[in-house]
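Notes to accompany the following structure.
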2 protein chains.
Amino acid sequence: MKAVKVWQDLEKQPRKFGIEQDLHSAEIHLIEAVGHHAGVSVTDLAELMGVTKGAVSQTLKKLEGKGLVSKIADPDNSSRLLVHLTSKGKVAFYAHEHWHETMDGGFKEYFFGMPEEQLVFLDEFLDRLIDFFGKRR
Amino acid sequence: MKAVKVWQDLEKQPRKFGIEQDLHSAEIHLIEAVGHHAGVSVTDLAELMGVTKGAVSQTLKKLEGKGLVSKIADPDNSSRLLVHLTSKGKVAFYAHEHWHETMDGGFKEYFFGMPEEQLVFLDEFLDRLIDFFGKRR
DNA sequence: AAAAAGCGTATACCTGCTAAACAAAGGAGC
DNA sequence: GCTCCTTTGTTTAGCAGGTATACGCTTTTT
């Protein structure tokens, strides 16, 4: 399970994405979620990410401090806040997306170039792998 | 990358392994390492696990508090401590090992029952996957 | 003998999370 | 309109797991 370890370490590492500040893993994940769901509420974000709304609120505060997201009151319900990316937040979002695209490039090419037979096999293998992990819960 | 997420969540979950107390992930990992390398030093453990010796020292303190490991002075070098499992620690170790064995059973059977051709393919696939992750550092 | 290197610990601090208490807003029933 | 309950987001305390650093002690090197 070396790949998992590599992946974990990687994901934890803070990085800059076209902006001056470092973005930590929880932050860039939130940026991604907001980028893909503009105008989402805090509670919905928590649901989306599988954490408590308190956790989202905390990370959101940091992102607001860095000027990457903004919250505006929902005109239909003033107890709900709608979260958006600022222009600076969008820079980070697109930088991260682009980085994914280019990095994924070679792998995707390899992946989708695989013969049907191997894809079927891989599919089953990964199913079993996930099932195997699932049993350990 | 669903498998990674499942794995991560799983690994974080505390569990009892034949003893009364819960063992957290860092603790059971350390138990595993000590179980496989009886009489190892703190620094070596840190090296082995890829964390600082401070981290090992802290986790070790918890395990000592739970009565799972003991440290004895190296007779050849009194600045070095040799870490061992107590009998209670061995219970946890073997419980964890056994659990792995039985849980891994079906998967291993499947895995080692694969035709050579698919094993070769899988090997290359995982290499590429690891390489792909590696590029992102 | 003195300096340097190695070992383990303690401490301050960090990320990321949960749980619980809370204030403010919204909605249902009367 | 008024009360009661729910929903929404924030704050706080605390936990897990980690790093970096300073420290005391032992061992090794010079």
Does one hydrophobic cluster hold both L82(A) and L30(A), with members joined at side-chain heavy-atom distances below 4.5 Å?
no
Does either side chain, that of E97(B) or that of H36(B), offer a donor lying less than 3.5 Å from an acceptor on the other one?
yes
Atom CD of E27(B) and atom C1' of dG18(D): how far apart are they, to the nearest Å?
14 Å
Could you please name the option among dG9(D), dG16(C), dG8(C) that lies closest to any side-chain atom of S41(A)?
dG9(D)
Closest to the V42(B) side chain, choosing from dT9(C), dT18(C), dG18(D)
dT9(C)
Would you mind reading off the distance between H29(A) atom NE2 and dC17(C) atom C1', rounded to a whole angstrom?
14 Å
Here the pair of heavy atoms bringing K53(A) nearest to V42(A) is O-CG1, 4.1 Å
Rounded distance (Å) that lies between atom C1' of dG8(C) and atom CG of L30(B)
14 Å
Could you tell me whether the phosphate oxygens of dG6(C), OP1 or OP2, come under 4.0 Å of any side-chain nitrogen or oxygen in T43(B)?
no
Please check: side-chain N/O of S70(B) versus main-chain N/O of T86(B), any donor-acceptor pairing under 3.5 Å?
no
Look at the side chain of H98(A) and the backbone N and O of Y94(A), then say whether any donor-acceptor pair between them is shorter than 3.5 Å.
no
Using modelled atom types only, decide if a donor and an acceptor are shared between the side chain of K88(B) and the backbone of K66(B) within a distance under 3.5 Å.
yes
May I ask you to check whether over 12 heavy atoms, not counting those of K71(B), lie within 6.0 Å of atom NZ?
yes
When rounded to whole Å, the CG to P distance for the pair D22(A) and dT19(D) reads 17 Å
Any donor and acceptor pair, going by atom type alone, linking the side chain of T59(B) with main-chain N or O of E27(B) inside 3.5 Å?
no
Atom-to-atom span, NZ of K53(B) to P of dA22(D) - whole angstrom
13 Å
Give a yes/no answer on whether the side chain of S25(B) brings an N or O atom under 4.0 Å of OP1 or OP2 in dG17(D).
yes
CD of Q13(A) versus P of dG18(D): gap in Å, rounded?
16 Å
Interface residues of residues 67-81 of chain B with DNA chain D (non-hydrogen, below 4.0 angstrom)
N77(B), S78(B), S79(B)
Atom pair distance, as rounded to whole Å: CG in L45(B) and P in dT9(C)
11 Å
Side-chain donor or acceptor of H96(B) paired with backbone N/O of A92(B) under 3.5 Å:
no
What is the separation between atom NZ on K12(A) and atom P on dC17(C), rounded to the nearest whole Å?
11 Å
I need the residues from residues 55-63 of chain A with at least one non-hydrogen atom less than 4.0 Å from DNA chain C; give them sorted by number, or say none.
A55(A), Q58(A)
